[in-house]
Colleague: 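The structure under discussion is supplied below as structure tokens; questions concerning it will follow.
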Amino acid sequence: LKALFAFYQRNFPESQLRPTITGLWLDVCGDMKDYECINKVGADAIEEPKLGEVAKRAELERLAALEELNKREAAKYNDEFIKALDRYVRAWADAEPAKAPQWPDIARRLASLRVKANEYGKALPLLEKVVDREPTSSNWYLLQRARFDAKEYVKVLSDSRASKIQGPP
């Protein structure tokens, strides 16, 4: 079935059914828990503006697949996973929250990987944006903890947004 989808995509690139076929292909890969297939189909789909909403779905499903692949073989997939997360975060950073409701979760995931790799210069601006977009106590904690780990003690103590944070302490 997957070979049939690949044949269709290759031989009928201008077909109006392309979004439907791509969606079905993602469904089949997902039902089979074939994360490499989802990764490949997703990577191809995000390069096709004609796919519209299916391309957005493919990008999110690709991120989930790369998360699973990265858990199994981090040495093989970590760089690709980080690049895919970064691509999504950059592409949707200025979108209205309704158009990219997953953005904060994906941005937090990317920031956590950056912190784990001691890449504070990349993680902190991202966490700042997450806090600005969703001023919750959990986001505030992630930002402040990363600042502390980065030895930015003055910023930990002087950020005036603390009074605007929502949620339990």
Colleague: Just wondering, do T22 and D44 contact through their side chains at under 4.5 Å, heavy atoms?
Modeller: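 They are not in side-chain contact.
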
Colleague: For D149 and R145: C-alpha separation, side-chain torsions, deciding distance, then whether salt bridge (Lys or Arg N to Asp or Glu O under 4.0 Å) applies.
Modeller: CA-CA 6 Å; D149 291 346; R145 179 61 198 215; 3.1 Å; yes

Colleague: Under the side chain to side chain contact (heavy atoms under 4.5 Å, CB included) criterion, do I106 and L60 qualify, and how do the steps go?
Modeller: CA-CA 9 Å; I106 294 168; L60 292 171; 3.6 Å; yes

Colleague: So, do V131 and I165 sit near enough that their side-chain heavy atoms are less than 4.5 Å apart?
Modeller: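 A side-chain contact exists here, since the closest heavy-atom pair is under 4.5 Å.
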
Colleague: Which heavy atom of W25 sits nearest a heavy atom of A6, and at what distance?
Modeller: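 Closest approach of W25 to A6, heavy atoms only: CH2-CA, 3.6 Å.
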
Colleague: Between E36 and Y77, is any side-chain donor less than 3.5 angstrom from a side-chain acceptor?
Modeller: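 The criterion, which ignores hydrogens and geometry beyond distance, is satisfied for Y77 and E36.
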
Colleague: According to side chain to side chain contact (heavy atoms under 4.5 Å, CB included), who are the partners of E152, at least two apart in sequence or on a separate chain?
Modeller: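 For E152, the residues satisfying side chain to side chain contact (heavy atoms under 4.5 Å, CB included) (neighbours in sequence not counted) are L124, R147, A150, K155.
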
Colleague: Just how far is it from atom CD1 of I21 to atom CZ of F7, taken to the nearest 0.5 Å?
Modeller: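 With rounding to 0.5 Å, CD1 (I21) is 12.0 Å from CZ (F7).
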
Colleague: Transitively linked via ILVMFWY side-chain contacts under 4.5 Å: Y8 with V54?
Modeller: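 Not linked; separate clusters.
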
Colleague: Looking at every heavy atom in both P19 and K50, which two are closest together, and how far apart are they?
Modeller: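 Reported closest heavy-atom pair: CG-O, 4.2 Å.
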
Colleague: Starting at CZ of R57, measure out to CG of L51 and round the result to the nearest 0.5 Å.
Modeller: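 With rounding to 0.5 Å, CZ (R57) is 11.0 Å from CG (L51).
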
Colleague: Compare every heavy atom of A107 with every heavy atom of V130, then report the nearest pair and how far apart it is.
Modeller: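 Taking every non-hydrogen atom into account, CG2-CB, 3.6 Å.
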
Colleague: Is the closest side-chain heavy-atom distance between K122 and D86 below 4.5 Å?
Modeller: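 They are not in contact (no side-chain heavy atoms under 4.5 Å apart), so the answer is no.
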
Colleague: Is there a side-chain contact between R62 and E80 in this structure, where contact means two heavy atoms from C-beta onward sitting under 4.5 Å apart?
Modeller: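 In short, these two side chains touch, coming nearer than 4.5 Å.
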
Colleague: Going by the side-chain contact (heavy atoms from CB on, under 4.5 Å) test, name the single residue among L110, L69, N70, N39 that passes it with F81.
Modeller: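 With F81 as partner, side-chain contact (heavy atoms from CB on, under 4.5 Å) holds for just one option, N70.
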
Colleague: Would you list the pairs meeting ring pair (Phe, Tyr, Trp, His ring centres under 6.0 Å) in which at least one residue belongs to residues 102-151, sequence neighbours left out?
Modeller: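 Residue pairs with at least one partner in residues 102-151: F148-Y153.
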
Colleague: Flag yes if L126 and L66 sit in one hydrophobic cluster, no otherwise; membership is Ile, Leu, Val, Met, Phe, Trp, Tyr, and two members link when side-chain heavy atoms are under 4.5 Å apart.
Modeller: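 Yes: a chain of side-chain contacts under 4.5 Å links L126 to L66.
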
Colleague: Is L157 reachable from V154 through a run of hydrophobic residues whose side-chain heavy atoms are each under 4.5 Å from the next?
Modeller: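 No, it is not one cluster - the side chains of V154 and L157 are not joined through contacts under 4.5 Å.
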
Colleague: To the nearest 0.5 Å, tell me how far E61 CD sits from D27 CG.
Modeller: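 E61 CD to D27 CG: 7.0 Å, rounded to 0.5 Å.
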
Colleague: Is there a side-chain contact between R161 and L143 (heavy atoms, below 4.5 Å)?
Modeller: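 SC-SC contact between R161 and L143 confirmed.
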
Colleague: Are side-chain N/O atoms of S112 and R109 paired as donor and acceptor at under 3.5 Å?
Modeller: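 Yes, side-chain donor-acceptor contact under 3.5 Å.
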
Colleague: Over all heavy atoms of both residues, which pair between A55 and A45 is shortest? Give the atoms and the distance, please.
Modeller: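 Shortest heavy-atom separation between A55 and A45 comes out as CB-O, 3.5 Å.
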
Colleague: Taking atom CG of N11 as the centre, report whether more than 12 heavy atoms of other residues, nucleotides or ligands fall under 6.0 Å from it.
Modeller: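 Atom CG in N11 is crowded, with more than 12 foreign heavy atoms closer than 6.0 Å.
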
Colleague: Less than 4.0 Å between a side-chain N and a carboxylate O, is that true for E53 and K56?
Modeller: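 Counted as a salt bridge, because a side-chain N and a carboxylate O are separated by less than 4.0 Å.
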
Colleague: With side chains defined as the heavy atoms from C-beta onward, is the minimum distance between Q9 and V41 less than 4.5 Å?
Modeller: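 Heavy-atom side-chain distance check fails, nothing below 4.5 Å.
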
Colleague: What's the spacing between N139 CG and R133 CZ if we round to 0.5 Å?
Modeller: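 These two atoms lie 11.0 Å from each other.
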
Colleague: Starting at CZ of F12, measure out to CZ of R18 and round the result to the nearest 0.5 Å.
Modeller: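 Between F12 CZ and R18 CZ, I get 11.5 Å after rounding to 0.5 Å.
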
Colleague: Less than 4.0 angstrom from a charged side-chain N to a carboxylate O is my criterion; do R108 and D105 meet it?
Modeller: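 Salt bridge: yes.
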
Colleague: Would you check if K71 and Y35 make a side-chain contact, meaning some heavy-atom pair closer than 4.5 Å?
Modeller: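 Not touching, per the 4.5 Å side-chain cut-off.
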
Colleague: CD1/I38 to CE/M32 distance, rounded to the nearest 0.5 angstrom?
Modeller: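 With rounding to 0.5 Å, CD1 (I38) is 10.5 Å from CE (M32).
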
Colleague: Looking only at heavy atoms, which two atoms of A146 and V115 are closest? And how far apart?
Modeller: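 That would be CB-CG2, 3.9 Å.
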
Colleague: Say whether V89 and W92 are linked into one hydrophobic cluster, either directly or through other cluster members, by side-chain heavy-atom distances under 4.5 angstrom.
Modeller: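 They do share one cluster, since a chain of ILVMFWY contacts under 4.5 Å joins V89 to W92.
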
Colleague: Could you go through the side chain to side chain contact (heavy atoms under 4.5 Å, CB included) check for E119 and L113 one step at a time?
Modeller: CA-CA 8 Å; E119 296 176 349; L113 292 170; over 6 Å; no

Colleague: Measure the shortest side-chain to side-chain distance between K164 and P135 over non-hydrogen atoms and say whether it is less than 4.5 angstrom.
Modeller: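 Not touching, per the 4.5 Å side-chain cut-off.
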
Colleague: I'd like to check the salt bridge (Lys or Arg N to Asp or Glu O under 4.0 Å) partners of K2; sequence neighbours left out, ordered by chain and number.
Modeller: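 So K2 forms a salt bridge (Lys or Arg N to Asp or Glu O under 4.0 Å) with D34.
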
